[in-house]
Enquirer: 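Dumping the structure here so I can ask a few things about it.
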Amino acid sequence: MSKRRFLMCPPDHYGVKYVINPWMEGNKSRARADVAREQWQAFHKVLASRADVDLLDPRPGVPDLPFTANAGLVMGKRVVLSRFRYPERQKEEPHYEESFRRNEFEIIKPPATTYFEGAGDALFDRGADRLWMAYGWRSVLEASEFVAARLGVEAIPLRLVDERFYHLDTCFCPLAGGYTIYYPPAFDERSRRLVEELIPADKRHAVSERDAMHFACNAVDTGDAVVLNTCTEELETVLRGWGFEVIRTPLTEFILSGGSAKCLSLRLDETGAQPARKAQPEGVRRRVFIKGHLLDTGLLTQAMDAITEPGGSFEIADLRAGLRRDDLSEIRLEVSALTAHQLQHILARLVDLGAELERPETANAVLKACERDGCAPEGFYCTTIFPTDVCIDGSWIRVENQRMDGTIRVSKGGQSPRAEVVLMRDLREGELVVTGAEGIRTHTRKEQREEKGEFGFMSSQVSTERRVELAVDAVAWEMLQVRKRGGRIVIVAGPVVVHTGGVEYLCELVRERFCSALLGGNAIAVHDMEYALFGTSLGVDLDRGATVRGGHHHHLRTINMIRQYGSIDEAVRQGVLKRGLMYELSRMGVPYCLAGSIRDDGPLPETEMDLIRAQEKYRDLLRGADLVLMLSSMLHAIGVGNMTPAGVKLVCVDINTSVATKLADRGSLESIPVVTDVGLFLSLLARKIRDLQMEPHREPGV
Ligand code: ARG
């Protein structure tokens, strides 16, 4: 075996002078120069006894220069120079460049913002023709593409997720013969799987946390020996079993800066990998355009997270910030991903946020036929609450029946094509469904903010009580407006409305025609009628607040009584049911749907126990709603939220903060959480509406 050649740099000016990784934190100026020198010399001696070592001249002002692994990546007589992420280390670049030039390397420089930290983040596999690369903290994903293209090798990008292991060589070490030691928790799930797939089980070893924390993976492979700071006996046994000698050489002063043996040396005789047999997969980049309140609504952050969370990366190609509060900002992002599949996933998320894909070629949405009834084709696009357009045969058409969690079905039969949201269960074999993210655009709330007023009170920083009052004011006003223009108010209610004494106010709203439809379950109806018939709700005397002996039977007696009459309407007609919510609904002819559930007693004759039918009835009653008032029923409120497109105002009242805010989380500015007792809310609301209604009766001119 020919002797290896390394580049090292004496630590004359070494020190922890700034903090750019978690190891450096709290260690500023704590590295002892004399100890560092001794440790470095001992390490140098070990290496020089087994390999040739070139030295780089030490320089002041660049305290991390001894970490020569970050100079660049050598392959044959070529070197890809580093582009450091942090300005502190960018100052090292010219020194490395000069040294490589002097040694007649052909220099390859990545673009300025394609951060790449050399052999710290790029390690050749010693058993296969591939280059392991890392991104996440220092180098960027684009660097993998760049290096692979320029060196003509297959690069496997791995994503680092634990900042303590910010360079690949801190947690991954390919050794002669294709053996590898690594620390799996430093990587994301996908990368871990990739490593397991590509390296045979008997050739890899996952080191313990203890070894990882002592930089055991930051080892130098001299061919026959593994040189490292320290390691456990367990790891030593593994390495010996693979035929390596293990040499410990303490480098603790350098660990204060986040580096150890491997970081302090750079292989110069790297022959690299054979050219990649298959071409590097292309087409995993796409330019997107987003216009909106990018800065003040957090949209930009959301978009960036949508790209990086699944493992993608981006570069800002162009940013035009709106200069005033009302101005929109515009951004063009170059999005890259590891695979075409991942890219589609990211793009779909961006489209949901209102991004437009910039398209050189076709703009058309990609349609795929359903292969069987009730199932969507692979890669189907999942709808949001926002108005959506799809591009079919070169022109944009609006999608009908918008709701979230559906698919977009396109019918081209005869005249002009139509697109509508359809639940997967309603799809039929052969129908065409939109897949991927091409040719789709959504009109998110950011734009709607200009068109529609929003409930202004939500933004104000006020106490909870005051918030409730303000919410009541706004909701009362809105309800009057909707009624005045003949709009629809749908009320969703849970049994808590009855327990908290809110029913009489709800009845008032029904009588005053503020309720176009009521959506609930079996329970609200039973509790309401139990109260109307017996004065109790689940056996509790609501007027006195005390449990009535044997009262819990009232609940079942109520159900039985209605069942005997055959229906609620019949019980009303025969004068048995004389008050309460169900009575008012029946009397006023207000449609309602009671959706059944597994826990229902009875049920009442009108409770819809077929859940698909119940969902359909809900959907029909919600059609054209302007305002939905959700009163203390998590189940029904969320069900309704799922069916409602953006633009419908949702008011969700619940004593439980998480329920009230869950709906607001669906990202609609029109969802208003009101955290309070629902009985109290209804009494305040009814009073406010009464107060406001006085006005029109005044004589004009008085
Ligand atoms: N302080 C240096 C940095 O944070 C340490 C570099 C360690 N080098 C390495 N290849 N892991 O950049």
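As the structure lists them, so they are numbered: ligands from 1, and atoms in each ligand from 1.
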Enquirer: Compare all side-chain heavy atoms of F289 with those of R287 and state whether any distance is below 4.5 angstrom.
Expert: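 Not touching, per the 4.5 Å side-chain cut-off.
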Enquirer: Would you say N103's side chain and F105's backbone share a donor-acceptor pair under 3.5 angstrom?
Expert: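 Here the side-chain-to-backbone pair does not exist.
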Enquirer: In terms of atom number and element, which parts of ligand 1 are under 4.0 angstrom from non-hydrogen atoms of M24?
Expert: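 Here the atoms of ligand 1 in question are 1 (N).
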Enquirer: Is Y166 touching ligand 1 with its side chain, its backbone, both, or neither, if touching means heavy atoms under 4.0 Å apart?
Expert: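 Contact part for Y166 vs ligand 1: side chain (C-beta onward).
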Enquirer: Is the distance between the ring centroids of F84 and Y115 less than 6.0 Å?
Expert: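 Distance test on ring centres: not under 6.0 Å, no.
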Enquirer: Report the nearest protein non-hydrogen atom to atom 6 (C) of ligand 1: residue, atom name, distance rounded to 0.1 Å.
Expert: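 The answer is R89 NH1, 3.3 Å.
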Enquirer: Counting each atom of ligand 1 from 1 as listed, which ones have a heavy atom of G120 under 4.0 Å away?
Expert: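 What qualifies from ligand 1 is 10 (N).
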Enquirer: Is there at least one pair of N or O atoms, one from T170 and one from ligand 1, spaced under 3.5 Å apart?
Expert: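 No, since none of the N or O atoms of T170 sits under 3.5 Å from an N or O of ligand 1.
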Enquirer: Among all protein non-hydrogen atoms, which one is nearest to atom 2 (C) of ligand 1, and what is the separation to 0.1 Å?
Expert: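 Ranking protein heavy atoms by distance from atom 2 (C) of ligand 1, first comes D64 OD2, 3.4 Å.
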Enquirer: Look at atom 10 (N) of ligand 1 and say which protein heavy atom is nearest, naming residue and atom and giving the distance to 0.1 Å.
Expert: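 Checking every protein heavy atom, the shortest distance to atom 10 (N) of ligand 1 gives D169 OD2, 2.7 Å.
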Enquirer: For atom 9 (C) of ligand 1, grab the closest protein heavy atom and report residue, atom and distance to one decimal in Å.
Expert: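 Of every protein heavy atom, C263 SG, 2.7 Å lies nearest to atom 9 (C) of ligand 1.
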Enquirer: Using a strict 4.0 Å cut-off to heavy atoms of N21, name the atoms of ligand 1 that fall inside it.
Expert: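 Reading through ligand 1 atom by atom, the close ones are 1 (N), 3 (C), 4 (O).
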Enquirer: Are the aromatic rings of F215 and W23 close, with centres under 6.0 Å apart?
Expert: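 Yes, ring centres under 6.0 Å apart.
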Enquirer: Under 4.0 Å, heavy atoms only, figure out whether ligand 1 is touched by the backbone of K262, its side chain, both or neither.
Expert: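 None of K262 does.
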Enquirer: Taking the six-membered ring for Trp, are the ring centroids of Y14 and F254 within less than 6.0 Å of each other?
Expert: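 Yes, they do, as the ring centres are separated by less than 6.0 Å.
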Enquirer: Taking both backbone and side-chain atoms of E117, is any N or O found less than 3.5 Å from an N or O belonging to ligand 1?
Expert: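 No - when backbone and side-chain N and O of E117 are compared with those of ligand 1, no distance drops under 3.5 Å.
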Enquirer: Search all heavy atoms of L141 against all heavy atoms of G311 and return the closest pair with its distance.
Expert: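 Of all heavy-atom pairs spanning L141 and G311, the closest is CD2-O, 3.9 Å.
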Enquirer: Provide the number and element of each atom of ligand 1 under 4.0 Å from a heavy atom of I20.
Expert: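 Here the atoms of ligand 1 in question are 3 (C), 4 (O), 12 (O).
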Enquirer: Is there a donor-acceptor contact under 3.5 Å from the side chain of D169 to the main chain of K262?
Expert: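 The answer is no, because no donor-acceptor pair under 3.5 Å joins these two groups.
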Enquirer: Under the 3.5 angstrom rule, does the side chain of Y135 hit a backbone N or O of F116 as a donor-acceptor pair?
Expert: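 Not confirmed, Y135 side chain does not pair with F116 backbone.
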Enquirer: Taking atom types as modelled, is there a side-chain donor on Y166 or D121 under 3.5 Å from an acceptor on the other?
Expert: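 No pair is found: no donor N or O on one side chain lies under 3.5 Å from an acceptor on the other.
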Enquirer: I need the contact type for R138 against ligand 1. Using non-hydrogen atoms and a strict under-4.0 Å cut-off, is it side chain, backbone, both or neither?
Expert: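 The answer is the side chain of R138.
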Enquirer: Which atoms from ligand 1 have a heavy atom of G258 less than 4.0 Å away?
Expert: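 Going through ligand 1 atom by atom, the ones under 4.0 Å from G258 are 7 (C).
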Enquirer: Any idea which of L256, V16, N70 brings a heavy atom closest to atom 8 (N) of ligand 1?
Expert: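 Residue with the shortest heavy-atom distance to the ligand atom: N70.
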Enquirer: With rounding to the nearest 0.5 Å, note down the distance linking CD in E245 to CG in D224.
Expert: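 Reported to 0.5 Å precision, the distance equals 6.5 Å.
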